[in-house]
Student: 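Before I ask anything, let me first share the structure, which is written out below as structure tokens.
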Number of protein chains: 2
Amino acid sequence: MPITIYDVAREAGVSMATVSRVVNGNPNVKPTTRKKVLAAIERLGYRPNAVARGLASKKTTTVGVIMPDISNAFFAELARGIDDIASMYKYNIILCDSDQRLEKELHLINTLLEKQVDGIVFMGREIKPEHIEVFNTSSVPIVLAGTLETTGEQPSVNINHFQGGYDATKRLLDGGNTRIAMITGPFSDPLGGLTRFKGYRKALEDAKIPFREEYIFNGNFTYDSGMEAAKVLMSLPEAPTAIFAASDEMAVGVIHGLQDMGKNVPRDVEVIGYDNVRLAEMVRPKLTTVVQPMYDIGAVAMRLLTKFMNKEKVEEQIVVLPHRIEERQSTKPLS
Amino acid sequence: MPITIYDVAREAGVSMATVSRVVNGNPNVKPTTRKKVLAAIERLGYRPNAVARGLASKKTTTVGVIMPDISNAFFAELARGIDDIASMYKYNIILCDSDQRLEKELHLINTLLEKQVDGIVFMGREIKPEHIEVFNTSSVPIVLAGTLETTGEQPSVNINHFQGGYDATKRLLDGGNTRIAMITGPFSDPLGGLTRFKGYRKALEDAKIPFREEYIFNGNFTYDSGMEAAKVLMSLPEAPTAIFAASDEMAVGVIHGLQDMGKNVPRDVEVIGYDNVRLAEMVRPKLTTVVQPMYDIGAVAMRLLTKFMNKEKVEEQIVVLPHRIEERQSTKPLS
DNA sequence: TTGAAAGCGCTAACAC
DNA sequence: GTGTTAGCGCTTTCAA
């Protein structure tokens, strides 16, 4: 039988209301009584029951986090940012893997709402009308992290992926390349797939370089699809001299694919990645890449959520964080 | 004002007990009444309050998970295993990063207990008496995953790291090497540091190869410490011909360090890693390594926890999973 | 500054 | 099969 607030009250010779005040740091308690209560708590080894508190106060100091896959370096880094800020604000995190399956995502949101979380950070690839509907009817704030939502109604934290794709391609163009291939993510993924691709295309267009269908390889963010892309792309009659991969993992895959067929990176083919996961520095040559501030995306999303939960005023609910290109060795230095 | 069970009861013209039965799948309800209730639930959009349920039933179907760092590939993979099994058994996970700081670990356990989790999976590097004390007085089961505890009283899931260290070293010995260096983890980490090192030492001893202090480089599991180790080790008067690193990340660091100084792996120096994180296949040459079934360690730990939570009989509460060596290209093939 | 008492929304006897 | 009725352990008015 665990110790309850009532036991403490009796032990300290006060009412449970007073104990509650002490536990919650309410200043309206005489120092002597506070001391008595604290002593009783100590003596009994009392530990407040957060569930009971949650029921009475309608706050759980717990937030839900939904993401496609925690074992993915990108999301794991986001999760770290989320957890650090949550912990800073005394929230705990209920972490859920969705496997990017719509029905699981919807189910998880529902479960989290049943558990009375105070808010939700949602990460996914594709936002469908079903999501929007749930977001709109949610009783607690939901913020998206690293996830695109086109109605512009849902709070979110991102970088500008169109610009990211544009910049990566521009970087290759500036290096003198005209035959630039791209390994995209699945186009069903608006951010990682389509948007970066659009940036690529625009950069080409601005440079008056005709777009070539055969220079597009549709990958799925994995190392293997990068390897595969190298094979396909290099067997083209006019092979590209530079490749932009929509994720670092794919970029490392191409690099190795290229090396396996005797090509030198960056001399024969330049490669640029996207994300800047730790892997980018653990490959030879080290990977030039578009830096996404992953940790910050998570951290800012969580911070934003705390504001909503506290009903603070939020000036900008769609936040776009800066990105940049980290020059390393998979591209030739610009002269 | 959210819909409560009471609203549903009124809407359906039954008592709240009946609604509760329907919601909880209790068979003692006439099909017609069940239908009526279900209809009312649907009409009202009723969503059960898990907090209230938790208070009344003293079960939260939530378990706590404490780990040093979710952004670390090793722990992220464990987390995936934990979450998958938890989800299979309808539990949710409260995920907490401890940064391996003792006071934070202790604090987190306490917070989780306040939140009335039904059980805890704990991952850490070093288990101190303070941990043991908390474990022993916990009101809910706690199982350790990938974490060593020497009293043998605490349920845990692991592989045999002494044997892992032994096997890795033996593999290098079998390849004809006599000058074998080891990059260890911090010795304050019993499993990743000391135990693997002991296995290394024993393998040497069994092969009658004298142990050399200068062949031990004390790393901290990071890529950089692997790079550093390469420098130090290769500048030795009698440089090693093979290196066993206590983590894949360090192994990849040595490989690159070696390559940077013009050495060929495995021709000049053979390298073997530990863990088999995904990185091991994303390096050239691909890394030969001791395979830890990370996902399984998490999954089995969670499964074990469900048994304790259900008060099922558990025959073996210290489980040791098998490991093996995955032969890749950073070692010369055995003839 | 403190106490009494009414819930918070649900489960679980127990009775009918 | 179904309803009644205590709690579960806490917060939060409202009085005193």
Student: For the residue pair B:Asn310 and B:Thr306, confirm or rule out a side-chain donor-acceptor distance under 3.5 Å.
Tutor: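 No.
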Student: Phosphate oxygens OP1/OP2 of C:dT2: is one of them under 4.0 Å from a side-chain N or O of A:Thr33?
Tutor: yes
Student: A:Leu55 has an atom CG; how far is it from atom P of D:dT12, in whole Å?
Tutor: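 In whole Å, D:dT12 P and A:Leu55 CG are 12 Å from each other.
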Student: Please state how far atom NZ in A:Lys30 lies from atom P in C:dT2, giving the value in whole angstrom units.
Tutor: 5 Å
Student: Between B:Arg125 and B:Asp69, does at least one N-O distance fall below 4.0 Å, as a salt bridge requires?
Tutor: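 Here B:Arg125 does not pair with B:Asp69 in a salt bridge, since their nearest N and O are not under 4.0 Å apart.
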Student: Can you tell me how far apart CD (A:Gln292) and CD1 (A:Ile159) are? Round to the nearest 0.5 Å.
Tutor: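 If I round to the nearest 0.5 Å, the distance is 4.0 Å.
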Student: Expressed in angstrom and rounded to an integer, what is the separation of A:Leu113 atom CG from C:dG9 atom P?
Tutor: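 Distance, rounded to whole Å: 15 Å.
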Student: Among B:Leu38, B:Thr32, B:Thr33, exactly one meets side-chain contact (heavy atoms from CB on, under 4.5 Å) together with B:Lys36. Which residue is that?
Tutor: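 Of the listed options, the one satisfying the test is B:Thr33.
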Student: Considering non-hydrogen atoms only, spot the tightest contact between A:Gly124 and A:Pro68 and give its length.
Tutor: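 Scanning both residues, the minimum pair turns out to be CA-CG, 4.1 Å.
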Student: The side chain of B:Val14 is closest to which nucleotide in this list: D:dT2, C:dG9, D:dG3?
Tutor: D:dG3
Student: Rounded to whole Å, please give me the gap between CZ in A:Arg34 and P in C:dT1.
Tutor: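 That distance rounds to 10 Å.
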Student: Are OP1 or OP2 of C:dT2 and a side-chain N or O of A:Ser15 less than 4.0 angstrom apart?
Tutor: no
Student: Taking the six-membered ring for Trp, are A:Phe221 and A:Phe74 closer than 6.0 Å centroid to centroid?
Tutor: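 That pair fails the under 6.0 Å test.
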Student: Whole-Å distance between D:dC8 C1' and B:Lys58 NZ?
Tutor: 5 Å
Student: Pairs under 3.5 angstrom, nitrogen or oxygen only, protein versus nucleotides 10-12 of chain C, please.
Tutor:
unit_1: C:dC10; atom_1: OP1; unit_2: B:Tyr46; atom_2: OH; d: 2.4
unit_1: C:dC10; atom_1: OP1; unit_2: B:Asn49; atom_2: N; d: 3.1
unit_1: C:dC10; atom_1: OP2; unit_2: B:Ile5; atom_2: N; d: 2.4
unit_1: C:dT11; atom_1: OP1; unit_2: B:Asn24; atom_2: OD1; d: 3.3
unit_1: C:dT11; atom_1: OP1; unit_2: B:Asn24; atom_2: ND2; d: 3.0
unit_1: C:dT11; atom_1: OP1; unit_2: B:Arg53; atom_2: NE; d: 2.8
unit_1: C:dT11; atom_1: OP2; unit_2: B:Ser20; atom_2: OG; d: 2.6

Student: Atom CG of B:Asn28 and atom P of C:dC14: how far apart are they, to the nearest Å?
Tutor: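 Those two atoms, CG and P, are 16 Å apart.
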